[in-house]
Amino acid sequence: MANGEEIKVLGTWPSPYVIRVRIALNIKGLVHESLEEVEGLTAKSELLLKSNPVYKKVPVLIHGGKPVSESFIIVQYIEDAFPINGASLLPSDPYDSAIARFWAFYIDDKWFPSLVGILKVKTKEAKEELVKQVHDGLVLMEEAFIKCSKGKRWFNGESIGYLDIALGPHLAWLKVVETLEKMKILDEGKTPNLFAWAEGFCSHDAVKKVMPEDEKLVEYVKKLVIKWTGAAAVTDS
């Protein structure tokens, strides 16, 4: 509870967007209840439909009975609602804060869709193009880390913050793509700072407790790949 008001998170365990919210709450030291949409996004609970009637999807944060939707909006809400709890999730400098938001948007808008796309496409050429986009994106994020961290451990400096939470939950899916495609994507030689950051992020106490188990996520994604490629086959015919 926070200020006597319950905090609940509606989500599904494989979702990096749900994981993002749970990490933010952990960083802030906020006790909360996780409510799992057990059957996934195809069978939506009444609470989810009531809490997010527009998009009808997770994550949803419910604080004191009031719902907040969309992961980045939720993270901002957590920062605004609990400014004195734990470390600040956003840089105090307005420009630094804007840069963190920019890269966070890029990650969800461009980088992560390219990563997942590697598993969806069927042709060698399309896959190679997406792999290139993902690698190029990691090089950009390496440069962003150097500038944003200012020599510190995290994108946010001394503590995990907004941009760390934006990219970090996607690392679980990155590992799955590496496993299923039998390739190395996050390369210590090409992006050493980002590689070290990723290892530190995944071993952080606030992160370990909410990141999905590698094998469990691999099996989950294997089923998704069958669904994706099957749908593509029908479309192509």
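A 4.5 Å side-chain heavy-atom check between Leu35 and Leu47 finds at least one atom pair inside the cut-off. Using a 4.5 Å cut-off on side-chain heavy atoms (C-beta onward), Ile7 and Val31 make no contact. Counting heavy atoms from C-beta on, the side chains of Asp80 and Gln76 come closer than 4.5 Å. Residues Lys190 and Phe195 have side chains not in contact (no heavy-atom distance under 4.5 Å, counting atoms from C-beta outward).
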Stepwise, does the ring pair (Phe, Tyr, Trp, His ring centres under 6.0 Å) test hold for Tyr162 with Phe72? CA-CA 8 Å; Tyr162 191 87; Phe72 282 138; 5.3 Å; yes
Could you walk me through whether Glu129 and Lys132 pass the salt bridge (Lys or Arg N to Asp or Glu O under 4.0 Å) check? CA-CA 5 Å; Glu129 175 57 29; Lys132 181 180 183 302; 5.8 Å; no
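Qualifying ring-ring contact (aromatic ring centres under 6.0 Å, His included) partners for Tyr220, counting only residues two or more places apart in sequence or in other chains: Trp13. With sequence neighbours excluded, the residues that form a side chain to side chain donor-acceptor pair (under 3.5 Å) with Lys127 are Glu181. Every residue two or more places apart in sequence or in another chain was checked for a salt bridge (Lys or Arg N to Asp or Glu O under 4.0 Å) with Glu33, and none qualifies. With sequence neighbours excluded, the residues forming a side chain to side chain donor-acceptor pair (under 3.5 Å) with Ser34 are Arg22, listed by chain and number. Residues satisfying the side chain to side chain donor-acceptor pair (under 3.5 Å) test with Ser45, not counting sequence neighbours, are Glu37. Applying the ring-ring contact (aromatic ring centres under 6.0 Å, His included) test to Trp111 and every residue at least two apart in sequence or in another chain returns nothing. In this structure, Asp214 has no salt bridge (Lys or Arg N to Asp or Glu O under 4.0 Å) partners at least two apart in sequence or on a different chain. Considering only residues two or more places apart in sequence or on other chains, Lys216 meets the salt bridge (Lys or Arg N to Asp or Glu O under 4.0 Å) condition with none of them. For Trp197, the side chain to side chain donor-acceptor pair (under 3.5 Å) test picks out Asp164, with sequence neighbours left out. Lys110 is linked by a salt bridge (Lys or Arg N to Asp or Glu O under 4.0 Å) to nothing, counting only residues two or more places apart in sequence or in another chain.
Note that CG of Leu217 is 9.0 Å distant from CE of Met211, once rounded to the nearest 0.5 Å. Separating the OG1 atom in Thr179 from the CD1 atom in Ile185 is a distance of 9.5 Å, to the nearest 0.5 Å. If you take CG on Leu48 and OG on Ser69, they are separated by 8.0 Å, rounding to the nearest 0.5 Å. Here the straight-line distance linking atom CD of Glu36 with atom OG1 of Thr12 works out to 6.0 Å at 0.5 Å rounding. Put simply, CG on Leu25 and CD1 on Ile74 are 8.5 Å apart, with the number rounded to the nearest 0.5 Å. Ile84 CD1 to Lys28 NZ: the interatomic distance, rounded to the nearest 0.5 Å, is 9.0 Å.
Using modelled atom types, one side-chain atom of His32 and one backbone atom of Leu30 make a donor-acceptor pair closer than 3.5 Å.
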Report, one line per pair, each donor and acceptor closer than 3.5 Å where one atom sits in a side chain of residues 165-176; sequence neighbours left out.
residue, atom, partner, partner atom, Å
His170, NE2, Arg20, NH2, 3.4
His170, NE2, Asp108, OD1, 3.0
Trp173, NE1, Pro14, O, 2.9

Distance-only check: which donor-acceptor pairs under 3.5 Å involve side-chain atoms of residues 140-151, not counting sequence neighbours?
residue, atom, partner, partner atom, Å
Glu142, OE1, Asn193, N, 3.3
Glu142, OE1, Leu194, N, 2.8
Glu142, OE2, Asn193, N, 3.1
Glu142, OE2, Asn193, ND2, 2.8
Ser149, OG, Phe145, O, 2.6
Lys150, NZ, Asp96, OD2, 2.8

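No salt bridge links Lys209 with Asp205; every basic N to acidic carboxylate O contact stays at or beyond 4.0 Å.
Checking Glu79 against Ser88 by side-chain atom types alone, a donor-acceptor pair falls below 3.5 Å.
Under the 4.5 Å side-chain heavy-atom criterion for ILVMFWY residues, no single connected hydrophobic cluster contains both Ile78 and Phe105.
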